[in-house]
Amino acid sequence: MDVRVEGQMVDAPAEADLAAVLRKALSGKKFKTVVAARAVTGGESLLLDLSASLPDDCHELIPVYADSPEGLQLIRHSTAHVLAAAVKRLFPAARVTIGPAIDNGFYYDFDVERPFSSEDFPAIEAEMQKIAAAREPFTREVLPRAEAEARFRGMGETYKAEIIEGIDADTVSLYTCGDFTDLCRGPHVPHTGFAASAKLLSVAGAYWRGDEKNPMLSRIYGTAFADDKALAAYLRQMEEAKRRDHRKLGRELHLFTFQEDVAPGMVFWLPKGMLVRAILEDFWRKEHLKRGYDMVQGPQLLRVETWQRSGHYDHYRENMYFTQIEDDAYGIKPMNCIAHMLIYKNELRSYRDLPQRYFELGVVHRHEKSGVLHGLLRVRQFTQDDAHILCAPDQLEGEILDVIHLIRDLMNLFGFQYKVAISTRPESSIGTDEAWELATGALIQAVEKAGLPYEINEGDGAFYGPKIDVRLLDCIGREWQCSTIQVDFTLPDRFDLNYVGQDGERHRPVMVHRAIMGSLERFIGVLIEQYAGALPVWLAPEQARLLTVTEAGDEAVLKLRDELKAQGIRVALDTRNEKLGFKVREAQLAKVPYILVVGEKEVQAGGANVRLRNGDNLGLKSGGEIAALIRADAEEPFKQGGMRYSFA
RNA sequence: GCCGCCUUGGCUCAGCUGGUAGAGCGGCUGAUUCGUAAUCAGCAGAUCGUCAGUUCAAAUCUGACAGGCGGCUCCA
């Protein structure tokens, strides 16, 4: 039969394996880098081992190369097997569990008496190298389920046996490389030689099947590439990413600090960081006013009875801080919604008043478990750009759409890549089926109307309603939730919110909880990493720094400073008795966008020599020109989007 | 909260198998007036996270606690 391979037709004998077919079409050099192949039959293509025999109705074979994304995933998955094989040789008592490929690498979880530490890596890596050098073939066998289960039980591999119990099929496949056999769906690379460019990265505890109630396993993370060069490049890139870490940059740029012994998980904003925050807040308040929100502010402490009524006391107590004042118990707010509802309830509302959109930069406290704190990205006290929209049911979709547009505009302003997910009804939840259906439908319709790609997270919604979540990435690719939109039919009920409809009857409003930046702390943290500390000019705490060459420039520089300040430019002076190179270096490391040098020439001509933080030199410019330049630069990001910000 | 690792001056880090601490940057003082990523010199600054224990002797060993880092779980 004839099979197409990369454009050429190959005659494939019956019962040929994929490797034999590919070898006919590809040069020897090329063939060596093939790790698997996709067999195209009819409309679909199946990823198969090279040792698999050619499916009957296959008319095309697509080779999967080692350095392709799919090939890398296979290499990493196979390398996880090699890791497990090495561990079993060195620690025969270890029981294996699962070991998948993940983004940028793989992991394998083991049940061991003594958890692994990174000190075990050299020995394990050496053993892996030995296995790789032996180029052991990965061989596949298919067994009836019961037989496979018995075999793993016989080996004492109880976790594997447990996995097989859960598999809904008559047969399962096993893969063997050297002396190690693992339950695995496959496919795998042809031999262990493809696991040669691997490195173990870290150890971690992980619960069996991700459940806190299950035993803690010892997980080893690693990564693997097609060759050593690619591996080295990746490791260098990771080093580079660490330089963007907002915790490091926050310290170096004097933006914020933590005093762990005084207030763990709570930020001390330093003057420069607070200035960034203040600008961001100012912009954001104005944007909300433009979009029809009203600013409100509720109290920080509410009496405990209120939290009991809202359900927070039952469902959220472990995350709350409480305090006792005289004879009364108070809870510090972990959310802003209750106060906003009480503000709504302060007056009798008509359908004509809807929607009511209450906006608050609300400071909330949540007692997060100690192990989860992470710089600005996970804290215990944070400020939400929170709003609660109370509307009639038929206004719901339009309101959600407006919120999505606001999210889109903000993300575009900063050039963030983001992921959207819709979370549906969880098992333990309250409310009627109709309400859930209506709310979920409204969310999906709105997201589709806005043209955003999204995924569905089944059963991941809040207990009172479904939600849209938007996640941003930090510098090493971890996802952090920022925006969230939640539809809530329950709390308006619990607090007996009403509006008088056209019919003169009382009706229940729907509440949309939404935050766009999510938490200002987290958002600024991601922002710092996104820009590697070099914030856009409109947010830069110090937009320009004037440097003198000698003290002969002192007088001129003061005049220039005042001129720029009068134009609303945030400008600082460096008239220290240091060499120019030293001052330029410090300004550049401080990521000041405009470095303005005043020496003898500039004193004569008036103005300053303009250097940008990327090293470009724009030459001599007058004070007026410089101010115009900086303002134009500050306004640049706002040109495309639907937003404006006036620089007063 | 759970698992592993870590915790030495403001920052980054040395300190080997136990004999009561070092450097660079930064700070201060002085000299230098020097044109686009580091001018030179001097000085100050740490009971080595906390509390116990082992020891003649602990930054170094043991334990508990606190905090941090990487994960798990959770979440904005």
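Within every chain, numbering begins at 1; the chains are lettered A, B, ... in the order of the sequence lines, protein sequences first and strands thereafter.
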Contact list (N/O, under 3.5 angstrom) for nucleotides 10-14 of chain B vs protein:
unit_1: U12(B); atom_1: OP1; unit_2: Arg251(A); atom_2: NH2; d: 3.0

Given [options], which nucleotide is nearest the side-chain atoms of [X]?
X	options	value
Val203(A)	A76(B), G4(B), G35(B)	G4(B)
Arg247(A)	G35(B), G70(B), C72(B)	G70(B)
Val372(A)	U33(B), C74(B), G68(B)	C74(B)
Arg219(A)	C72(B), C2(B), G68(B)	C72(B)
Val597(A)	U36(B), G1(B), A76(B)	U36(B)

First locate atom OH of Tyr108(A), then atom NE2 of His77(A), and finally report the distance between them rounded to the nearest 0.5 Å.
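Tyr108(A) OH to His77(A) NE2: 8.0 Å, rounded to 0.5 Å.
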For atom CG of Leu373(A) and atom P of C6(B), their distance in whole Å:
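Rounded to whole Å, this separation is 21 Å.
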In whole Å, I'd like the distance from the CG atom of Asp386(A) to the C1' atom of A76(B).
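It is 10 Å, rounded to the nearest whole Å.
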Base, sugar-phosphate alone, or nothing: which one does [X] contact when heavy atoms must sit under 4.0 Å apart?
X	value
Lys601(A)	base
Arg522(A)	base
Glu252(A)	nothing
Glu521(A)	nothing
Asn609(A)	base
Phe116(A)	sugar-phosphate
Tyr221(A)	sugar-phosphate
Val379(A)	base

[X] (side chain) and [N] (base): donor-acceptor pair under 3.5 Å:
X	N	value
Glu318(A)	G1(B)	no
Tyr207(A)	G1(B)	yes
Gln486(A)	A76(B)	no

What residues, two or more places apart in sequence or in another chain, satisfy salt bridge (charged side-chain N to carboxylate O under 4.0 Å, His left out) together with [X]?
X	result
Lys88(A)	Glu157(A)
Lys419(A)	Glu479(A)
Arg95(A)	Asp111(A)
Arg317(A)	none

Listing request: all salt bridge (Lys or Arg N to Asp or Glu O under 4.0 Å) pairs with a residue in residues 586-606 of chain A, at least two apart in sequence or in separate chains.
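Those involving residues 586-606 of chain A are Arg576(A)-Glu586(A).
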Ring centres under 6.0 Å, that's the criterion: do Phe256(A) and Phe268(A) meet it?
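So the answer is no for these two rings.
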Rounded to whole angstrom, note down the P distance from C43(B) over to A37(B).
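Comparing P positions in C43(B) and A37(B) gives a spacing of 32 Å.
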With P as the reference atom in both, quote the distance from G70(B) to A23(B) in angstrom, rounded to an integer.
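It works out to 31 Å between them.
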Hey, does the side chain of His374(A) come within less than 4.0 Å of C75(B)'s phosphate (OP1/OP2), counting only N and O?
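His374(A) to C75(B) OP1/OP2: no side-chain N or O under 4.0 Å.
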Can you find a side chain N or O atom of Gln384(A) that sits less than 4.0 Å from OP1 or OP2 on A76(B)?
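So the side-chain polar atoms of Gln384(A) never come under 4.0 Å of the phosphate oxygens OP1 or OP2 of A76(B).
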Validation row: Val571(A), Gln543(A) side chains within 4.5 angstrom (heavy atoms)
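Counting from C-beta outward, Val571(A) and Gln543(A) never come under 4.5 Å.
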With sequence neighbours excluded, residues passing side-chain contact (heavy atoms from CB on, under 4.5 Å) with [X]:
X	result
Ala552(A)	Thr550(A)
Arg285(A)	Glu281(A), Met295(A), Phe359(A), Leu361(A)
Ile102(A)	Tyr107(A), Tyr221(A)

Toward the 5' end of RNA chain B, which comes first, Glu260(A) or Arg378(A), by nearest nucleotide?
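The 5'-side residue here is Glu260(A).
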Taking for each residue the nucleotide of RNA chain B bearing the nearest heavy atom, is the 5' side occupied by Ala552(A) or by Phe382(A)?
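Nearest-nucleotide comparison on RNA chain B picks Ala552(A).
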For U55(B), the Watson-Crick or wobble partner whose two distances fall under 3.5 Å:
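WC or wobble partner does not exist here.
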Pull out every protein N or O sitting under 3.5 Å from an N or O of nucleotides 37-41 of chain B, one pair per line with the distance.
unit_1: A38(B); atom_1: N7; unit_2: Arg585(A); atom_2: NE; d: 3.0
unit_1: A38(B); atom_1: N7; unit_2: Arg585(A); atom_2: NH2; d: 3.2
unit_1: A38(B); atom_1: N6; unit_2: Arg585(A); atom_2: NH2; d: 2.6
unit_1: A38(B); atom_1: N1; unit_2: Arg585(A); atom_2: NH1; d: 3.4

In residues 90-102 of chain A, what residues come within less than 4.0 Å of RNA chain B, judged by heavy atoms?
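Residues of residues 90-102 of chain A under 4.0 Å from RNA chain B: none.
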Does a salt bridge link Lys333(A) with Glu360(A), judged by any charged N lying under 4.0 Å from a carboxylate O?
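Yes, this pair counts.
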May I have the step-by-step check of salt bridge (Lys or Arg N to Asp or Glu O under 4.0 Å) for Glu399(A) and Arg357(A), ending in yes or no?
CA-CA 10 Å; Glu399(A) 288 303 314; Arg357(A) 307 188 189 95; 2.8 Å; yes
Side-chain donor-acceptor contacts of residues 513-523 of chain A below 3.5 Å, not counting sequence neighbours, with atom names and distances?
unit_1: His513(A); atom_1: ND1; unit_2: His388(A); atom_2: NE2; d: 3.2
unit_1: His513(A); atom_1: NE2; unit_2: Asp488(A); atom_2: OD2; d: 2.8
unit_1: Arg514(A); atom_1: NH1; unit_2: His288(A); atom_2: NE2; d: 3.0
unit_1: Arg514(A); atom_1: NH1; unit_2: Tyr293(A); atom_2: OH; d: 3.2
unit_1: Arg514(A); atom_1: NH2; unit_2: His288(A); atom_2: NE2; d: 3.2
unit_1: Arg514(A); atom_1: NH2; unit_2: Asp385(A); atom_2: O; d: 2.9
unit_1: Ser519(A); atom_1: OG; unit_2: Glu521(A); atom_2: N; d: 3.3
unit_1: Ser519(A); atom_1: OG; unit_2: Arg522(A); atom_2: N; d: 2.9
unit_1: Glu521(A); atom_1: OE1; unit_2: Thr383(A); atom_2: N; d: 2.8
unit_1: Glu521(A); atom_1: OE2; unit_2: Arg277(A); atom_2: NH1; d: 3.2
unit_1: Glu521(A); atom_1: OE2; unit_2: Thr383(A); atom_2: N; d: 3.4
unit_1: Glu521(A); atom_1: OE2; unit_2: Thr383(A); atom_2: OG1; d: 3.3
unit_1: Arg522(A); atom_1: NE; unit_2: Leu377(A); atom_2: O; d: 2.8
unit_1: Arg522(A); atom_1: NH1; unit_2: Gln481(A); atom_2: O; d: 2.6
unit_1: Arg522(A); atom_1: NH2; unit_2: Leu377(A); atom_2: O; d: 2.9

